[in-house]
Amino acid sequence: MTTEQTNLRLVLAGLLLAILMAAMDNTIVATALGSILADLGGVDSYVWITSAYAVAVLAGMPIFGKLSDMYGRKRFFVFGLLVFLIGSALCGVAQSIPQLAVYRAIQGIGGGALMPIAFTIVFDVFPAEQRGKMTGMLGAVFGASSVIGPLLGAFITDAISWHWVFYVNVPIGIVVLLLIGRFYKETPMHTKQKIDWAGAVTLVTAVVSLMFALELGGKEFAWTSWQSMLLFGLFTVFIGLFLWIETKAEEPIISFWMFRSRLFASSQVLAFLYGATFVGLTIFIPIFVQAVYGGAATNAGIILMPMLLGSVAGSAFAGIAQAKMPYRRIMWISVIVYAVGMALMATISPETSRMLLTVYMVTVGLGVGFSFSLLPSASVHKMDYRHRGSANSTNSFFRSLGLALGITVFGSIQTKLLTNELEDKLGGGGKGTFGIDNLQTIFQSEQRAQIPADILNVITHAMSHSIAATFLWSLIPIALAFMAVYFMGDEQLQVEGKKQTT
């Protein structure tokens, strides 16, 4: 093996380790969420722990994608890694939910550079005929992160404290920094471009306005209040400005010409819809296990594993199948299995056995896993080197946009349903001894044991009903995914002696 081949493998190891770390961050935090809420409170605003990170990723992703094209991928990958590690360290010392949300946003700024650039470097290094194998490997890394994250998060939370689920990123990040800094020798093929700052500002403003409207509406102020109308109005104005600016920009954040391809356009829609629905599963299932079953963080981590192992199998299958059948045919299998799995998840209750819940989770994980390896590959299909980074970052952007809006929308739905049922069953506007204000007591075994049996029964059923109903609402975007798959076309990954143009 030559020195160049050795260096390439070390670079690949560093990139995959970075993807492992960033992907694991979501599942490890989800597993510890119950313990975080028990310590810091803020059950009614927990969605910001995830959405703050998602919005920051969303804001940084297109900007860092352009910067990496202008000045090289390595320097901004390293910058993103350092910011991500600083944010991780700060999250570990957070003393409140708002403070943790701010630190998660710092983490997200780094993640906005880390994930898309890592994927783009991998696609740069390997030619088209190896992409099926590579996307299968990337899917396996996502799967490994999904398995390691819950177990590691559960162990750390129970054995030490939830603070260390953030600190664990630091040693992993240092290894990545050493591997990339030492062995990645970037080929200066990038070209200078003009950053679309106006597009970035208008898009981020539109998304943040919409998220505030959905999060605060119906709680802090009425849906018909002037505050709600102002936020929805800001979203409408700025999304309109963004679309107009993108048609005039020399180098737009999102290159509309790419959407002329049916495969590319439908892949972005699917990335958005899958991201919006899958993130709710990773958040609500650990809460269901701890609040309804009364399990510790360890049990929540173990119960999450079947779904994530199912996603490994789905991703690996899609990676291999890309060379044998069209993208659309693979995604038909995916969306059907995903819809069945989500419909089953919408039936969960306190009476649902853990074995049955495991079957449901494997099914839904298998369905969504296909998208992890297939959609990035479909997005860069027939794209040359100078457009590959933009295509990949666009796919990552739409998945992140779906994640950010999905957790806000479905989080708002679940919170509203939970609050309404507690108000109805407990009275006093749900603000009594066991109301929404201090619901974190059901996550603490000692305090949970002191709750009267009839009150605990009301709370657990209210939590169960709200989560199951939220999964039922998730079937709406999955139904839209069926339409997107239909429009994908019949293109297929070409592997026989055909390399991408660079």
Side-chain angles (χ1 to χ4, degrees), residues 23-34 46-47 49-51 53-54 142-143 145-147 149-150 153-154 270-293 295 299-315 334-335 337-349 352 354 356-372 399-400 402-415 417-418 463-479 481:
M24 185 175 68
D25 191 69
N26 284 329
T27 55
I28 199 171
V29 173
T31 305
L33 189 56
Y46 70 90
V47 294
I49 298 175
T50 300
S51 59
Y53 178 85
F142 269 114
S145 71
S146 300
V147 173
L270 287 167
F272 174 84
L273 296 172
Y274 272 58
T277 51
F278 184 64
V279 67
L281 292 164
T282 64
I283 295 298
F284 293 130
I285 288 176
I287 292 178
F288 176 87
V289 171
Q290 288 188 261
V292 178
Y293 287 162
N299 294 329
I302 293 174
I303 204 72
L304 194 63
M305 262 184 45
M307 179 183 69
L308 304 171
L309 286 172
S311 71
V312 176
S315 180
S334 171
V335 73
V337 175
Y338 192 28
V340 170
M342 190 67 78
L344 292 173
M345 290 300 301
T347 67
I348 60 175
S349 70
T352 302
R354 298 207 176 190
L356 200 55
L357 181 61
T358 297
V359 173
Y360 295 170
M361 292 168 63
V362 169
T363 303
V364 76
L366 183 66
V368 78
F370 285 67
S371 69
F372 294 158
R399 186 180 291 274
S400 297
L403 186 151
L405 294 183
I407 194 59
T408 302
V409 172
F410 293 118
S412 297
I413 291 173
Q414 189 271 332
T415 300
L417 292 171
L418 176 62
M463 182 69 77
S464 174
H465 293 161
S466 66
I467 292 175
T470 303
F471 290 149
L472 187 62
W473 278 97
S474 298
L475 288 173
I476 295 176
I478 293 177

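Note that the numbering runs from 1 along the sequence shown for the chain.
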Using the side chain to side chain contact (heavy atoms under 4.5 Å, CB included) criterion, which residues pair with [X]? Sequence neighbours excluded.
X      : result
Ala468 : Ile348
Leu344 : Val340, Tyr360
Ser371 : Tyr274, Val368, Leu375, Arg399
Ala346 : Phe471, Leu472

Looking at side-chain heavy atoms only, is the closest gap between [X] and [Y] below 4.5 Å?
X      : Y      : value
Ser311 : Phe372 : yes
Ile467 : Gln414 : yes
Val279 : Thr282 : yes

Mind checking the [atom1]-[atom2] spacing from [X] to [Y]? Nearest 0.5 Å is all I need.
X      : Y      : atom1 : atom2 : answer
Ser349 : Phe288 : OG    : CZ    : 6.5 Å
Met345 : Leu281 : CE    : CG    : 6.0 Å
Arg354 : Thr358 : CZ    : OG1   : 9.0 Å
Phe410 : Thr470 : CZ    : OG1   : 8.0 Å
Met342 : Ile478 : CE    : CD1   : 4.0 Å
Leu417 : Ser466 : CG    : OG    : 6.5 Å

| said: Restricting to side chain to side chain donor-acceptor pair (under 3.5 Å), what partner residues turn up for Thr363, sequence neighbours left out? | reply: none
| query | Got a sec, which residues hit side chain to side chain donor-acceptor pair (under 3.5 Å) with Thr277, two or more places apart in sequence or on another chain? | reply | Tyr338
| said: Checking Phe272 now: which residues fulfil ring-ring contact (aromatic ring centres under 6.0 Å, His included) with it, not counting sequence neighbours? | reply: none
| Exercise: identify the closest heavy-atom pair between Thr352 and Thr347 | OG1-O, 4.0 Å
| Within the side chain of Ser334, is there an N or O that forms a donor-acceptor pair under 3.5 Å with the backbone of Gly367? | yes
